[in-house]
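Chain identifiers are assigned alphabetically (A, B, ...) following the order of the sequence lines, protein sequences preceding nucleic acid strands; residue numbering begins at 1 within each chain.
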Amino acid sequence: MQFAHLYKFAAPAAFYPLAGRLIPWFWGLAALFGAIGLWLGLFVAPADFQQGQGYRIIFVHVGASWMSMFLYVVMAFWAAIGLAFNTRLSGMMASALAPTGALFAFISLWTGAFWGKPMWGAWWVWDARLTSELFLFFLYIGFIALTRAIDDPRRADRAGAVLALAGVINIPIIYFSVKWWNTLHQGASVSLTKSPSMAAVMLWGMLFCALAMWMYAIAISLIRARGIILERERHADWVKALLTEAAGGH
Amino acid sequence: MLRVIGSVVARDLRLAWRRPADAYSVLFFFMLVASLFPLGVGPETEVLRRLAPGVIWVGALLATMLSLPRMFAEDFHDGALEQLALTPYPLGLLVLGKTLAHWLVSGLPLALIAPLLGLQFDLPPDALAMLAFSTLVGAPTLSGIGAIGAALTLGLRGGGVLLSLLVLPLYIPVLIFGAGAVDASIAGTGAQAHLFLLAALTVGALAFAPWAAAAALRIALE
């Protein structure tokens, strides 16, 4: 295997310094993409002819929604790897991703409410997307609550992995059933699906903001994963060596 | 293989039969929850008839959830679960047996009593029959998905609240199609599509959920 040497980073002792080296790069990319995206979104993009300036919340909202869905899949991916190959790091990655995913789901709901108020005159409507996003948020909370409730970290990881996989199988079912429910119950009210043709510059702004959030998610998850590694491996020799070195070599 | 499942079902039914209070309390909880709603929203029959399918289905969901922790807890504490896991049969099959037993002990009585609650909400006869039928078809899904949650929270502190947090979001499709079937029957649009989807969920849940629950049990038993 050509990439066989990459597998060594599955060991926390090898991953820890690698993550430490990568984090500044992802912060840098997040800042760069964020600056471009916000500049395009706030200064270059014209005001919408229907929604005025209010639509600009889209630059935060859409990226956050995308990331909240994407991170759950990533989390389930690590969970599956962890269950299949019994690697310690996978479970740590899943636990490190969950709070960020929940945060993005929350931001998506919150900005959605702020957007909804001026556009539809209501903070909340039981639209299919909003409802699914809300339950995605609950799925994240359930994952976090379950993994925090189990003291033994290995058991916590594997139980969380089973839950994440059950969740990721269920998400499409939930989404489509909610969508169906919505079309049955909501006759002629707001439709989110017919998206007005979007100016290219808005789309670019949105994409750069989403990229910035992606890079942020990677950076912050790596930081959290490093914290989890230190906590769980605190009895390992390399952690002791690292910490005594950091404390001034005593 | 059927004999293995059958003996697990028979054992769990016998255990439930010897402690009938457990099953009754779930039923009475169901009736109580459904009876609270008219007090909360007022006794106008129009409103109640409109609310009935959703209220009764949500009540059934909550009642099922309350009965879930008992699914594995006692076997876990007296060591029977470990013995089951050591048998040469696949643990998934044994969990399927326990899921079916749970359905017989909790889902079936809920389905039988649901029309009675429907009467209190002034539902027409067709809707009453549909209420019973949709609960009957949907309940195995609740037991199946619930088994995963029950296995994951086995022996944890605050297991009950945690269980609801894990399981209720996964119950949404059942609620939508179950209550939707009754709604459709009231509206006269035909409940067939809802029932088919409900049955599909049940078949899927019975096929896959026991294996996920078995994996979760093995984690808990380690």
Side-chain angles (χ1 to χ4, degrees), chain A residues 72 76 79-80 82-84 86 91 102 105 126 128 131-187, chain B residues 50 53-54 141 144-181 183-184 187 189 191 193-194 197-198 200-201 204-205 207-209 211-222:
Chain A
Y72 200 92
L83 274 186
N86 213 10
W126 288 95
T131 314
S132 318
E133 185 72 28
L134 180 67
F135 285 110
L136 180 66
F137 178 63
F138 287 143
L139 285 177
Y140 273 119
I141 297 299
F143 178 89
I144 295 172
L146 178 68
T147 48
R148 297 297 183 276
I150 304 176
D151 292 326
D152 172 23
R154 295 289 290 142
R155 187 188 161 189
D157 282 350
R158 299 179 58 197
V162 171
L163 182 68
L165 288 177
V168 86
I169 293 169
N170 261 286
I171 284 175
I173 303 178
I174 293 176
Y175 176 71
F176 283 108
S177 55
V178 168
K179 200 171 163 184
W180 206 51
W181 162 80
N182 185 249
T183 49
L184 278 182
H185 284 266
Q186 219 170 4
Chain B
R50 184 74 201 79
T141 318
I145 296 176
I148 305 177
L152 283 173
T153 54
L154 202 53
L156 298 184
R157 56 186 190 291
V161 181
L162 191 56
L163 180 65
S164 60
L165 202 55
L166 303 187
V167 161
L168 283 179
L170 303 180
Y171 276 179
I172 297 163
V174 186
L175 173 66
I176 289 175
F177 297 126
D183 267 338
T189 52
H194 292 88
L197 285 165
L198 209 54
L201 287 177
F208 296 115
W211 303 98
L217 280 183
R218 290 213 187 276
I219 295 167
L221 285 173
E222 252 173 24

Chain A contact via [X] - which portion, at a heavy-atom distance below 4.5 Å:
X	answer
B:Leu201	side chain
B:Phe208	neither
B:Ala179	neither

Any side-chain heavy atom of [X] sitting closer than 4.5 Å to one from [Y]?
X	Y	value
A:Asn170	B:Ile172	no
B:Ile176	A:Lys179	no
A:Leu139	B:Leu170	yes
A:Leu146	B:Leu156	yes

Enter the distance from [X]:[atom1] to [Y]:[atom2] here, rounded to the nearest 0.5 Å.
X	Y	atom1	atom2	result
A:Asp152	B:Ile219	CG	CD1	11.0 Å
A:Phe138	B:Leu166	CZ	CG	13.0 Å
B:Leu175	A:Trp181	CG	CH2	9.5 Å

Pairs of heavy atoms under 4.5 Å with chain A: top-ranked of B:Leu162, B:Leu168, B:Ile145:
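Answer, by heavy-atom pair count under 4.5 Å with chain A: B:Leu162.
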If you count heavy-atom pairs within less than 4.5 Å of chain A, which of B:Ile148, B:Thr189, B:Thr153, B:Leu165 leads?
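Most pairs with chain A among the choices: B:Leu165.
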Is the closest basic N to carboxylate O distance between A:Arg158 and B:Glu222 below 4.0 Å?
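Result for this pair is yes, salt bridge flagged.
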Search all heavy atoms of B:Ala212 against all heavy atoms of A:Val162 and return the closest pair with its distance.
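Taking every non-hydrogen atom into account, O-CG1, 3.9 Å.
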Count the heavy-atom pairs under 4.5 Å between each of A:Ile171, A:Leu165, A:Asp151 and chain B, then report the option with the highest count.
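With the most close heavy-atom pairs to chain B, the winner is A:Asp151.
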